[in-house]
Amino acid sequence: MRAKDKLLNEAEKMGGKLSEWRRTMHQFPELSFQEFETADFITSVLEPIEGVAVERGIGLETSVTATVGTGEGPVMALRADIDALPIEEANTCDYRSKAPGVMHACGHDAHAAILLGAVSLLAEYYRDKPLGGTVKFIFQPAEEMIDEKSMSGSPYLLQAGAYKGAELAIALHMCPWLPVGAVQMHDGISMANVDVFHGTIQGTGGHGAYPELGSDPTWMLGLILQALHGIVPRKISALEPAVVSVGQIHAGTASNIIPHEVQVEGTVRSYSSTARNLLEAEIRQAFALADQLGGGHSFHYQRGEPALVNDRSVNERIAAAIRKTDPSVRFTHQAFGMGGEDFGYVTQQLPGAMFFLGCAVDDGIERDLHTPHFDIDERSLPLGAAILANAAIGFFEQPDGHGEEEEQHDT
């Protein structure tokens, strides 16, 4: 078996710097569309690197794009997201969030640090040799949330030309269910379409002692909830990934007052467009039951990011880069679940793929994504940076994506 790649050795030498960058961003997290200090910090790291051109504000004010290369020849894009979540951190580490109620609970601080490392590695690798093309390093804001236009960061950057000319795009995501030295990959649909519904069940309300004098939306709610929860097991094939979950129910002001309306909100996840369309139609019908029960309803359905579709040929490039970087890395081939990822907008427009990088902390604490205890084993940072750098090198040095056959370890 081959030894680790020289590029990984270089990345490991800068491991302390990668951790410093990640911890700085972790301590000062910012929510979607508000990543001003984060963008300033990323820019401050990028600008001193020789051979790197930095541009701010493509698509969104808080975006940062670094370019290595002359702009000629083939173009590829490497993307990291940079926003945080509205979660109060429960960790007690010395680099815990200093922003009340805001936390990097999805690893975007690590994504950004890894991409900064990849910029440094590539700039050094190509310092005295021609690149043969262009690499765009895209630090994207607002992956987690949408604005009043129902837009997250990715479509804004796409529309503004951040990916212009790119033949493919690659991203990674931290993976707290796998250890350092393992990756998860999947061809095709790998993360879900993400939609949201908001329904209002309308009645007359009235005195709690005289329910017969009016119409009660809380009674209607019970039947509508049954209908909602019956959609997936009775309307969608068991072979089709789909989820309907109710996350919020709001009604009433006092124990002796029947409310005049009930607000219901939930999330809808699917893989295929067929299931997505069917789910929306069935949820609409579920709320329409209120009209048959003596009440009324209003309904709003919001389509969010599309499913993440990983291109097989791009995954082959990533796998080759991983095996070159460290032949001992273990592969798991499995879809990533029903979570959403706005990198799906990118894979709608050009060949692209995302892989999950093992980062589990072996301390017995559940540190899942989007939880107050999320954290990573920072040994994953040099590995991620070297993999992304090698993926770019492979793109230019082996443009067909096929290198020599190497041993692969699957689980």
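Small disclaimer: the values here were computed from a predicted structure and weren't measured.
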Drop me the distance from [X]'s [atom1] to [Y]'s [atom2], to the nearest 0.5 angstrom.
X    : Y    : atom1 : atom2 : result
S154 : Q159 : OG    : CD    : 10.0 Å
I318 : N390 : CD1   : CG    : 12.5 Å
L213 : H207 : CG    : NE2   : 10.0 Å
H104 : I82  : NE2   : CD1   : 8.0 Å
H111 : E143 : NE2   : CD    : 9.0 Å
R269 : L279 : CZ    : CG    : 12.0 Å

Could you report the tightest heavy-atom contact between [X] and [Y], atom names first, then the distance?
X    : Y    : result
A123 : I49  : CB-CG2, 3.7 Å
G199 : F287 : CA-CE2, 3.6 Å
F41  : S44  : O-OG, 2.6 Å
N91  : R96  : O-NE, 2.6 Å
A11  : P382 : CB-O, 3.4 Å

Basic-acidic side-chain contact under 4.0 Å: [X], [Y]:
X    : Y    : value
R56  : E47  : no
R22  : D375 : yes
E280 : R276 : no

Counting only heavy atoms not in [X] (residues, nucleotides, ligands), do more than 12 fall under 6.0 Å from its [atom1]?
X    : atom1 : answer
R379 : CZ    : no
D368 : CG    : yes
H260 : NE2   : no
E61  : CD    : no
R303 : CZ    : yes

Chi angles and distances behind the side-chain contact (heavy atoms from CB on, under 4.5 Å) call for D81, E144: CA-CA 9 Å; D81 37 16; E144 295 287 1; 5.9 Å; no
Give a yes or no on whether the backbone of [Y] and the side-chain of [X] come within a donor-acceptor separation of less than 3.5 Å.
X    : Y    : answer
R79  : A171 : no
K136 : G165 : no
S19  : G16  : no
D311 : A353 : no
S63  : I58  : yes
Q202 : H297 : yes
S97  : V102 : yes
N310 : G188 : no
T371 : R367 : no

Heavy-atom check, side chain of [X] versus side chain of [Y], under 4.5 Å:
X    : Y    : value
Q140 : D342 : yes
F139 : E35  : no
V346 : L158 : yes
L293 : S215 : no
D147 : Y156 : yes
Y301 : V268 : yes
L381 : I376 : yes
D83  : F33  : no

Test side-chain contact (heavy atoms from CB on, under 4.5 Å) applied to T67 and E55, step by step: CA-CA 8 Å; T67 303; E55 187 171 359; over 6 Å; no
For T200, the option from Q263, E261, H300 that meets side-chain hydrogen bond (donor to acceptor under 3.5 Å, both in side chains): Q263
Among S273, S272, S270, the one residue meeting side-chain hydrogen bond (donor to acceptor under 3.5 Å, both in side chains) with N193: S270
Check residues 217-228 and write down every donor-acceptor pair under 3.5 Å in which the side-chain atom is one partner and the other belongs to a residue at least two apart or another chain.
| residue | atom | partner | partner atom | Å |
| --- | --- | --- | --- | --- |
| T218 | OG1 | D216 | OD1 | 2.6 |
| T218 | OG1 | D216 | OD2 | 3.1 |

Steps toward side-chain contact (heavy atoms from CB on, under 4.5 Å) verdict (V244, F197): CA-CA 10 Å; V244 176; F197 65 86; 4.1 Å; yes
F355/I387 under side-chain contact (heavy atoms from CB on, under 4.5 Å): CA gap, chis, key distance, verdict: CA-CA 11 Å; F355 68 98; I387 290 171; 3.6 Å; yes
Listed partners of K235 passing salt bridge (charged side-chain N to carboxylate O under 4.0 Å, His left out), at least two apart: none
Would you be so kind as to tabulate the donor-acceptor pairs closer than 3.5 Å made by side chains of residues 178-186, with sequence neighbours excluded?
| residue | atom | partner | partner atom | Å |
| --- | --- | --- | --- | --- |
| Q184 | OE1 | W177 | NE1 | 2.7 |
| Q184 | NE2 | Q334 | O | 3.0 |
| Q184 | NE2 | A335 | O | 3.1 |
| H186 | ND1 | I189 | O | 3.3 |
| H186 | ND1 | S190 | OG | 3.1 |

